[in-house]
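Below is one structure, written out as C-alpha coordinates; comments come after it.
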Amino acid sequence: MSEILKVKSLSKVYGSKTNALTVLKDINFSVLKGESVAIIGPSGSGKTTLLDRVTEGEIILSHISLNELNEDELAQVRNQNIGFVFQNFQLIPTLTALENVQVPLELRGVKNTMEPSIALLERVGLGARKNHYPSQLSGGEQQRVAIARAFSNNPEILFADEPTGNLDEETGKSIEALLFEINKEKGTTLIIVTHDLELAQKTHQIIKIKGGTIIH
Ligand code: ADP
Ligand code: MG
(Lines give C-alpha, C1' and ligand atoms only; values in the text may rest on other atoms or scores of the structure.)
(Ligands and ions follow the chains in the order given, each with its own letter.)
Protein backbone atom coordinates (compact mmCIF):
# COMPACT_ATOMS: atom_id res chain seq x y z
CA MET A 1 0.00 0.00 0.00
CA SER A 2 1.20 3.49 -0.75
CA GLU A 3 1.65 6.33 1.68
CA ILE A 4 -1.07 8.96 1.53
CA LEU A 5 -0.01 11.21 4.39
CA LYS A 6 3.37 11.91 5.87
CA VAL A 7 3.93 14.26 8.79
CA LYS A 8 7.53 15.27 9.37
CA SER A 9 8.98 17.06 12.43
CA LEU A 10 5.75 18.91 12.97
CA SER A 11 5.60 21.54 15.70
CA LYS A 12 3.00 24.10 16.61
CA VAL A 13 3.44 27.16 18.76
CA TYR A 14 0.51 29.41 19.68
CA GLY A 15 1.08 33.06 20.49
CA SER A 16 4.30 34.98 20.02
CA LYS A 17 7.59 35.38 21.89
CA THR A 18 6.35 36.72 25.20
CA ASN A 19 3.44 34.30 25.56
CA ALA A 20 4.51 31.44 23.31
CA LEU A 21 2.83 28.13 24.01
CA THR A 22 4.33 25.06 22.37
CA VAL A 23 1.46 22.67 21.81
CA LEU A 24 3.07 20.10 19.50
CA LYS A 25 6.73 19.17 19.35
CA ASP A 26 8.48 17.11 16.69
CA ILE A 27 5.57 14.92 15.61
CA ASN A 28 6.31 12.28 12.98
CA PHE A 29 4.00 9.69 11.52
CA SER A 30 2.73 8.33 8.23
CA VAL A 31 -0.52 6.87 7.05
CA LEU A 32 -1.09 4.36 4.27
CA LYS A 33 -3.83 4.73 1.70
CA GLY A 34 -7.08 3.16 2.92
CA GLU A 35 -5.81 2.78 6.47
CA SER A 36 -7.78 3.86 9.54
CA VAL A 37 -5.91 5.70 12.26
CA ALA A 38 -6.98 6.74 15.73
CA ILE A 39 -5.38 9.74 17.42
CA ILE A 40 -5.88 9.45 21.14
CA GLY A 41 -4.75 11.42 24.17
CA PRO A 42 -6.07 13.49 27.05
CA SER A 43 -8.05 16.66 26.52
CA GLY A 44 -5.74 19.57 25.72
CA SER A 45 -2.92 17.31 24.51
CA GLY A 46 -2.89 18.84 21.03
CA LYS A 47 -5.01 16.43 18.98
CA THR A 48 -7.16 19.07 17.28
CA THR A 49 -4.13 21.29 16.78
CA LEU A 50 -2.63 18.46 14.75
CA LEU A 51 -5.28 19.11 12.09
CA ASP A 52 -4.60 22.83 12.13
CA ARG A 53 -1.95 24.97 10.42
CA VAL A 54 1.48 24.05 11.71
CA THR A 55 4.35 26.30 12.75
CA GLU A 56 7.21 24.06 11.70
CA GLY A 57 7.66 20.81 9.86
CA GLU A 58 6.15 19.37 6.74
CA ILE A 59 2.88 17.70 5.79
CA ILE A 60 2.84 15.69 2.57
CA LEU A 61 -0.59 14.70 1.31
CA SER A 62 -0.73 12.40 -1.73
CA HIS A 63 2.84 13.41 -2.59
CA ILE A 64 2.02 17.15 -2.44
CA SER A 65 3.90 19.15 0.17
CA LEU A 66 1.29 21.42 1.74
CA ASN A 67 4.04 23.81 2.85
CA GLU A 68 4.59 24.88 -0.72
CA LEU A 69 0.97 25.87 -1.33
CA ASN A 70 -0.49 29.35 -0.96
CA GLU A 71 -3.81 29.93 0.88
CA ASP A 72 -5.92 29.45 -2.26
CA GLU A 73 -4.17 26.26 -3.26
CA LEU A 74 -4.47 24.94 0.27
CA ALA A 75 -8.20 25.71 0.31
CA GLN A 76 -8.52 23.84 -2.97
CA VAL A 77 -6.69 20.78 -1.65
CA ARG A 78 -8.91 20.83 1.42
CA ASN A 79 -12.08 21.04 -0.65
CA GLN A 80 -11.06 18.42 -3.18
CA ASN A 81 -9.12 15.85 -1.20
CA ILE A 82 -10.15 16.06 2.43
CA GLY A 83 -13.42 15.55 4.28
CA PHE A 84 -13.97 16.83 7.81
CA VAL A 85 -16.39 15.77 10.52
CA PHE A 86 -16.40 17.71 13.77
CA GLN A 87 -17.63 17.16 17.31
CA ASN A 88 -20.16 19.99 16.96
CA PHE A 89 -21.30 19.01 13.43
CA GLN A 90 -20.74 22.53 11.98
CA LEU A 91 -23.66 22.47 9.59
CA ILE A 92 -24.82 25.77 8.08
CA PRO A 93 -28.00 26.56 10.07
CA THR A 94 -29.74 28.48 7.29
CA LEU A 95 -29.42 25.62 4.79
CA THR A 96 -31.43 22.40 4.68
CA ALA A 97 -29.80 18.99 5.12
CA LEU A 98 -29.70 18.56 1.35
CA GLU A 99 -28.25 22.02 0.74
CA ASN A 100 -25.56 21.41 3.35
CA VAL A 101 -24.47 18.28 1.48
CA GLN A 102 -24.54 20.14 -1.86
CA VAL A 103 -22.23 22.95 -0.71
CA PRO A 104 -18.84 21.25 -1.24
CA LEU A 105 -19.94 20.01 -4.66
CA GLU A 106 -21.09 23.47 -5.69
CA LEU A 107 -17.81 24.96 -4.49
CA ARG A 108 -16.14 22.53 -6.83
CA GLY A 109 -18.28 23.61 -9.77
CA VAL A 110 -20.10 20.28 -10.13
CA LYS A 111 -23.17 20.76 -12.35
CA ASN A 112 -25.65 18.27 -11.00
CA THR A 113 -25.28 18.32 -7.21
CA MET A 114 -28.83 17.21 -6.40
CA GLU A 115 -28.74 13.51 -7.27
CA PRO A 116 -25.43 12.59 -5.64
CA SER A 117 -26.40 14.57 -2.52
CA ILE A 118 -29.76 12.82 -2.23
CA ALA A 119 -28.00 9.46 -2.68
CA LEU A 120 -25.61 10.31 0.15
CA LEU A 121 -28.42 11.39 2.47
CA GLU A 122 -30.17 8.12 1.69
CA ARG A 123 -26.94 6.25 2.43
CA VAL A 124 -26.80 7.77 5.93
CA GLY A 125 -30.49 6.98 6.50
CA LEU A 126 -31.86 10.51 6.10
CA GLY A 127 -33.56 10.38 2.73
CA ALA A 128 -36.83 11.44 4.31
CA ARG A 129 -35.32 14.42 6.15
CA LYS A 130 -33.56 16.16 3.28
CA ASN A 131 -35.61 19.33 3.45
CA HIS A 132 -35.24 19.79 7.19
CA TYR A 133 -32.97 22.40 8.74
CA PRO A 134 -30.26 21.43 11.26
CA SER A 135 -32.34 22.84 14.13
CA GLN A 136 -35.10 20.37 13.24
CA LEU A 137 -32.76 17.38 13.49
CA SER A 138 -31.37 15.51 16.51
CA GLY A 139 -27.64 15.53 17.25
CA GLY A 140 -27.18 12.10 15.72
CA GLU A 141 -29.11 13.12 12.60
CA GLN A 142 -27.06 16.31 12.26
CA GLN A 143 -23.90 14.24 12.46
CA ARG A 144 -25.25 11.95 9.72
CA VAL A 145 -25.76 15.01 7.51
CA ALA A 146 -22.21 16.12 8.33
CA ILE A 147 -20.92 12.66 7.33
CA ALA A 148 -22.86 12.77 4.06
CA ARG A 149 -21.37 16.21 3.41
CA ALA A 150 -17.86 15.04 4.26
CA PHE A 151 -18.09 12.20 1.75
CA SER A 152 -19.68 14.28 -1.01
CA ASN A 153 -16.35 15.04 -2.67
CA ASN A 154 -15.18 11.44 -2.45
CA PRO A 155 -12.26 12.63 -0.33
CA GLU A 156 -9.06 10.61 -0.19
CA ILE A 157 -8.83 11.29 3.52
CA LEU A 158 -11.53 11.86 6.08
CA PHE A 159 -10.64 13.60 9.35
CA ALA A 160 -13.13 13.10 12.14
CA ASP A 161 -12.42 15.10 15.30
CA GLU A 162 -14.26 13.45 18.21
CA PRO A 163 -17.27 12.80 15.96
CA THR A 164 -19.22 11.12 18.75
CA GLY A 165 -18.16 13.56 21.49
CA ASN A 166 -21.53 15.34 21.64
CA LEU A 167 -23.71 12.26 21.29
CA ASP A 168 -25.14 9.78 23.76
CA GLU A 169 -23.47 6.38 23.79
CA GLU A 170 -25.94 4.53 21.61
CA THR A 171 -26.14 7.25 18.97
CA GLY A 172 -22.35 7.58 19.12
CA LYS A 173 -21.93 3.88 18.40
CA SER A 174 -24.19 4.04 15.35
CA ILE A 175 -22.34 7.09 14.00
CA GLU A 176 -19.05 5.31 14.55
CA ALA A 177 -20.27 2.21 12.73
CA LEU A 178 -21.49 4.36 9.84
CA LEU A 179 -18.10 6.07 9.53
CA PHE A 180 -16.27 2.76 9.39
CA GLU A 181 -18.78 1.31 6.90
CA ILE A 182 -18.62 4.19 4.42
CA ASN A 183 -14.88 4.38 4.89
CA LYS A 184 -14.62 0.75 3.84
CA GLU A 185 -17.07 1.07 0.94
CA LYS A 186 -15.26 4.04 -0.54
CA GLY A 187 -11.72 3.09 0.41
CA THR A 188 -11.23 6.43 2.16
CA THR A 189 -8.37 6.84 4.57
CA LEU A 190 -9.88 7.59 7.98
CA ILE A 191 -8.17 9.61 10.68
CA ILE A 192 -10.27 9.76 13.78
CA VAL A 193 -9.52 11.76 16.91
CA THR A 194 -11.16 10.11 19.86
CA HIS A 195 -11.25 9.58 23.61
CA ASP A 196 -12.81 6.20 23.09
CA LEU A 197 -10.24 3.42 23.47
CA GLU A 198 -12.69 0.78 22.34
CA LEU A 199 -13.13 2.69 19.08
CA ALA A 200 -9.37 3.15 18.73
CA GLN A 201 -8.85 -0.61 18.96
CA LYS A 202 -10.86 -1.00 15.76
CA THR A 203 -8.37 1.02 13.68
CA HIS A 204 -5.16 -0.13 11.96
CA GLN A 205 -2.90 2.37 13.70
CA ILE A 206 -3.12 4.18 17.03
CA ILE A 207 -1.21 7.42 17.58
CA LYS A 208 -1.03 8.43 21.24
CA ILE A 209 -0.38 12.07 21.97
CA LYS A 210 0.58 13.33 25.39
CA GLY A 211 2.00 16.71 26.27
CA GLY A 212 2.41 17.56 22.58
CA THR A 213 4.48 14.51 21.57
CA ILE A 214 3.78 11.01 20.40
CA ILE A 215 4.25 8.38 23.09
CA HIS A 216 4.82 4.72 22.38
P1 ADP B 1 -7.15 18.46 22.21
O2 ADP B 1 -7.81 18.51 20.88
O3 ADP B 1 -6.18 17.33 22.33
O4 ADP B 1 -8.11 18.48 23.35
P5 ADP B 1 -6.15 21.07 21.41
O6 ADP B 1 -5.32 20.76 20.23
O7 ADP B 1 -7.48 21.65 21.18
O8 ADP B 1 -6.25 19.77 22.35
O9 ADP B 1 -5.36 22.08 22.35
C10 ADP B 1 -4.03 21.83 22.78
C11 ADP B 1 -3.54 23.00 23.59
O12 ADP B 1 -3.45 24.15 22.76
C13 ADP B 1 -4.44 23.40 24.76
O14 ADP B 1 -3.62 23.74 25.84
C15 ADP B 1 -5.18 24.59 24.23
O16 ADP B 1 -5.54 25.45 25.27
C17 ADP B 1 -4.16 25.23 23.31
N18 ADP B 1 -4.79 25.98 22.20
C19 ADP B 1 -5.65 25.49 21.28
N20 ADP B 1 -6.00 26.44 20.39
C21 ADP B 1 -5.33 27.58 20.76
C22 ADP B 1 -5.25 28.92 20.25
N23 ADP B 1 -5.91 29.29 19.14
N24 ADP B 1 -4.46 29.80 20.91
C25 ADP B 1 -3.76 29.42 22.00
N26 ADP B 1 -3.77 28.19 22.54
C27 ADP B 1 -4.55 27.27 21.93
MG1 MG C 1 -9.76 18.48 20.36
Side-chain angles (χ1 to χ4, degrees), residues 5-31 35-61 66-67 69-71 74-75 77-78 81-92 134 139-140 142-147 149-151 155 157-169 171-176 178-180 183 188-216:
L5 177 70
K6 194 171 181 71
V7 170
K8 292 202 276 195
S9 321
L10 185 150
S11 297
K12 173 81 181 187
V13 180
Y14 283 117
S16 54
K17 270 186 190 147
T18 47
N19 62 345
L21 174 71
T22 302
V23 174
L24 293 173
K25 223 170 14 194
D26 194 26
I27 301 277
N28 294 280
F29 66 90
S30 45
V31 177
E35 199 182 21
S36 57
V37 179
I39 298 175
I40 60 171
S43 183
S45 58
K47 303 183 300 297
T48 294
T49 301
L50 199 53
L51 311 182
D52 201 0
R53 251 214 182 286
V54 302
T55 311
E56 244 179 80
E58 190 176 17
I59 299 179
I60 302 164
L61 180 70
L66 301 189
N67 298 52
L69 305 182
N70 63 33
E71 288 295 330
L74 196 61
V77 167
R78 274 177 169 251
N81 304 286
I82 309 177
F84 289 95
V85 176
F86 303 96
Q87 180 171 356
N88 53 359
F89 325 132
Q90 297 199 12
L91 298 175
I92 300 172
Q142 289 182 58
Q143 195 60 305
R144 284 173 190 274
V145 176
I147 290 171
R149 177 181 62 182
F151 279 102
I157 291 204
L158 182 85
F159 286 107
D161 192 353
E162 305 203 29
T164 62
N166 275 347
L167 303 172
D168 62 74
E169 193 173 340
T171 309
K173 290 273 177 247
S174 76
I175 289 294
E176 211 179 277
L178 180 67
L179 269 178
F180 277 100
N183 179 57
T188 318
T189 306
L190 177 65
I191 300 190
I192 188 162
V193 174
T194 182
H195 272 108
D196 184 345
L197 293 180
E198 210 179 302
L199 167 59
Q201 302 296 343
K202 295 178 190 153
T203 63
H204 298 109
Q205 184 185 174
I206 298 181
I207 296 171
K208 277 189 204 159
I209 306 243
K210 200 174 176 188
T213 55
I214 294 180
I215 55 169
H216 295 282

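Ligands are counted one by one from 1 in listed order, and the atoms in each one are counted from 1 as well. Just so you know, residue 1 is the first one in the sequence shown, and it goes up from there.
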Of the non-hydrogen atoms in [X] and [Y], which two are nearest, and what is the gap between them?
X: Leu50; Y: Ile39; answer: CD2-CD1, 3.6 Å
X: Pro163; Y: Leu179; answer: CG-CD1, 3.9 Å
X: Leu24; Y: Leu10; answer: CD1-CD2, 3.6 Å

Next item on the list: Could you list the residues that satisfy side-chain hydrogen bond (donor to acceptor under 3.5 Å, both in side chains) with Gln205, not counting sequence neighbours?
Entry: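 Partners of Gln205 under the side-chain hydrogen bond (donor to acceptor under 3.5 Å, both in side chains) test: Glu35.
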Check: Is Lys173 salt-bridged to Asp168, cutoff N-O under 4.0 Å?
Finding: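 Asp168 and Lys173: not salt-bridged.
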Notebook entry, point to check: What residues sit with at least one heavy atom under 4.0 Å from ligand 1?
Noted result: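 Contacts of ligand 1 under 4.0 Å: Tyr14, Leu21, Val23, Pro42, Ser43, Gly44, Ser45, Gly46, Lys47, Thr48, Thr49.
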Note to self: Against Tyr14, only a single residue in Asn19, Thr55, Thr49 fulfils side chain to side chain donor-acceptor pair (under 3.5 Å); can you say which?
What the structure shows: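 Among Asn19, Thr55, Thr49, the one meeting side chain to side chain donor-acceptor pair (under 3.5 Å) with Tyr14 is Thr49.
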Note to self: So, using ring-ring contact (aromatic ring centres under 6.0 Å, His included) as the criterion, who are the partners of Phe89 when residues are at least two apart?
What the structure shows: none
Check: Can you list the steps and then say if Ile59 with Lys6 is a side-chain contact (heavy atoms from CB on, under 4.5 Å)?
Finding: CA-CA 6 Å; Ile59 299 179; Lys6 194 171 181 71; over 6 Å; no
Note to self: Surrounding CD of Glu58 (heavy atoms of other residues, nucleotides or ligands, distance under 6.0 Å), is the total greater than 12?
What the structure shows: yes
Checklist line | Contacts of the Mg ion (ligand 2) with protein N/O/S atoms, counting only those under 2.8 Å | finding: Thr48 OG1
